[in-house]
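This report concerns only the one structure given below.
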2 protein chains.
Amino acid sequence: MGYTIGEIAETTGLSIHTLRYYENEGIMPSVKRNGSGIRIYEKTDLEVLQFICCLKETGMPVIDIKKFVNLLVQGDHTIEHRIDLLLKQKENVQSQVNQLMSYIQMLDRKVQLYKTILANKNECQE
Amino acid sequence: MGYTIGEIAETTGLSIHTLRYYENEGIMPSVKRNGSGIRIYEKTDLEVLQFICCLKETGMPVIDIKKFVNLLVQGDHTIEHRIDLLLKQKENVQSQVNQLMSYIQMLDRKVQLYKTILANKNECQE
DNA sequence: ACTTGATCTAGAGTTAACTCAAGATAATAC
DNA sequence: GTATTATCTTGAGTTAACTCTAGATCAAGT
C-alpha cells in the first residue's frame, strides 16, 4: 500500500524534482514518510496531485493553487470557500476559451488573406 | 505620420522596455529611425505588433513567433510557409480549447461533489 | 537657452517554475 | 554482504520573458 516518489513521477509525468518541489512549496499537501524518511504516497495523494495538475493546466498560478491546497488541508469547514475559488477559476477558463476561439478566427482570416494574395499572384502569371 | 515608442506602448499595452526587447530579439521586425536614432513606428508596424500579440496570447512561444516574423520580413515568397505555420498554430489552439473545456467539466464535477458534501452535512445537523 | 520629459544603448536584475548537483542514507537484487 | 539503484536534503543553476538602471542624447515648451 502506497507508492514511492519514483512511481508517482512515472504515473503523473512530473519529475521527481518537481514532486519534491511541490511539496516543499506547499503546492501539494505533505506526504507521509516511512521510518527512514522516505515518502510514501497514498492513493489520495495521487488524486490530489492529479487535480492540482489540472488546475495548473487551466493556467492557475502556483500561488493560487497553494491557497487552494491550504484550504484543502484545513478540512471540511473550508469547502464553501473552495467552491468559490473553483467557480472563479471556471469563469477564468471560460473566458480563456472565448478568447482562444476569437484567435482561431483571426488565424483563419489571416490564412484567408494569404491565400488571396497567392491566388492573385498566380493569376498575374497566367 | 508615425508614432513614438511611448504612443505604441500606450496603445498596445506593452511596456516601452518590452517593445525594445521585442525588436532586439527579432520578435518584431525592426522599426525605422529618424535622423537621431529615435524609433518611428508606422501603421504597419503597429498592425504586425498586434498580430504578434495575438500569437503570443495563443501560447505561441517567442522563438516560434521569431520564425514567423523572419518569414514575414523575407517577403511574399514565404507566404505558403507562413500559411503552414498559422494552420499548425490553429490546430494547437483548437486542442487547447478542447482541453480547457474538459477542465471546465472537471471543475464542475468537483464543485458538484463539494456541494453534495455540504448538503449531507446540513442533513445530519437537522 | 534652459528645463523637463522622452528616448537611446548596454547590460544587470527579476520572477515563476522548475531543474540539477553533491553528498549522504536506504532499499533491492544477487 | 556488497553492488546498484532509489531516495533524502540543502542549496545552487536554469530558462523564458521580461523589467529595470545608468548615463547619455533628443525633443518640446517657455
Side-chain angles (χ1 to χ4, degrees), chain A residues 1-42 45-46 48-70 89 92 96, chain B residues 1-42 45-46 48-70 89 92 96:
Chain A
M1 25 90 275
Y3 315 91
T4 66
I5 197 168
E7 288 162 345
I8 295 290
E10 188 74 20
T11 57
T12 59
L14 298 170
S15 78
I16 290 177
H17 301 301
T18 302
L19 287 170
R20 289 198 277 247
Y21 163 76
Y22 277 9
E23 197 180 336
N24 288 336
E25 298 293 309
I27 295 160
M28 73 167 295
S30 27
V31 174
K32 265 194 308 191
R33 309 294 185 102
N34 72 6
S36 39
I38 289 191
R39 290 172 181 81
I40 309 295
Y41 289 77
E42 302 295 336
D45 291 318
L46 182 56
V48 168
L49 196 47
Q50 278 164 339
F51 187 67
I52 288 166
C53 287
C54 292
L55 290 180
K56 245 178 46 61
E57 293 286 325
T58 65
M60 191 187 268
V62 161
I63 192 165
D64 291 342
I65 296 179
K66 226 152 131 174
K67 282 180 201 153
F68 184 84
V69 168
N70 252 317
Q89 183 62 10
N92 268 341
Q96 276 182 65
Chain B
M1 24 83 279
Y3 314 92
T4 67
I5 196 169
E7 287 163 345
I8 295 290
E10 188 73 20
T11 57
T12 59
L14 298 170
S15 78
I16 290 177
H17 300 302
T18 302
L19 287 171
R20 288 198 277 247
Y21 164 76
Y22 278 8
E23 197 181 333
N24 287 336
E25 298 293 309
I27 295 160
M28 74 165 295
S30 27
V31 175
K32 265 194 309 193
R33 308 295 183 99
N34 72 6
S36 39
I38 290 192
R39 289 173 180 81
I40 309 295
Y41 289 77
E42 303 294 335
D45 292 318
L46 181 57
V48 168
L49 196 48
Q50 278 164 340
F51 187 67
I52 287 166
C53 287
C54 292
L55 291 180
K56 245 178 47 61
E57 294 286 323
T58 65
M60 190 187 269
V62 161
I63 192 165
D64 290 343
I65 296 179
K66 227 152 131 174
K67 281 181 203 151
F68 184 82
V69 168
N70 252 317
Q89 183 61 10
N92 268 340
Q96 275 182 65

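Quantities reported herein were computed from a predicted structural model and do not represent experimental measurements. The sequence lines fix the lettering, A, B, ..., with proteins before strands; numbering per chain opens at 1.
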* To do: Walking along DNA chain D from 5' to 3', note the first and the last nucleotide with an atom under 4.0 Å from a heavy atom of chain A, and give both.
  => D:dT7 to D:dT9

* **Separation of atom CE in A:Met28 from atom P in C:dC18, rounded to whole Å** => 14 Å

* Asked: Just wondering, do B:Ile52 and B:Ile27 contact through their side chains at under 4.5 Å, heavy atoms?
  -> yes

* Could you state the CG-P distance from A:Leu14 to C:dC18, rounded to the nearest angstrom? -> 8 Å

* **Rounded interatomic separation in angstrom, taking CZ from A:Arg20 and C1' from C:dA21** => 12 Å

* Taking atom C1' of C:dT28 as reference, at what distance in whole Å does atom CD of A:Glu7 sit? -> 13 Å

* To do: Look at all strands and tell whether A:Asn34 reaches a base, only sugar-phosphate, or nothing, counting heavy atoms closer than 4.0 Å.
  => sugar-phosphate

* **Nearest atoms (heavy-atom pairs only) where B:Val31 meets B:Arg39** => CG1-CB, 4.1 Å

* Asked: To the nearest angstrom, how far is B:Tyr21 atom OH from C:dA12 atom P?
  -> 17 Å

* To do: Report the nucleotide, chosen from C:dC18, C:dT9, C:dA26, that has the shortest atom-to-atom distance to any side-chain atom of B:Arg39.
  => C:dT9

* Round to the nearest Å and state the distance from A:Leu19 atom CG to C:dT19 atom P. => 11 Å

* Asked: Without hydrogens or angle criteria, can the side chains of B:Thr58 and B:Gln89 be said to hold a donor-acceptor pair below 3.5 Å?
  -> yes

* **Distance in Å, B:Ile16 CD1 paired with B:Ile8 CD1, rounded so as to fall on 0.5 Å steps** => 11.0 Å

* Structure fact -> Distance col, row B:Ile38:CD1 vs B:Ile5:CD1, nearest 0.5 angstrom, shows 10.0 Å

* **Interatomic distance, B:Lys32 NZ vs C:dT7 P [rounded to whole Å]** => 18 Å

* Asked: Any sub-3.5 Å donor-acceptor pair from B:Glu7's side-chain atoms to B:Thr4's backbone N or O?
  -> yes

* Asked: Quick one: B:Ile38 CD1 to C:dC8 P, roughly how many Å, whole number?
  -> 6 Å

* Hey, is the side chain of B:Ser36 poking within less than 4.0 Å of OP1 or OP2 on C:dT7, counting only N and O atoms? -> no

* Asked: Taking atom CD of B:Glu42 as the centre, does the number of heavy atoms from other residues, nucleotides or ligands within less than 6.0 Å exceed 12?
  -> yes

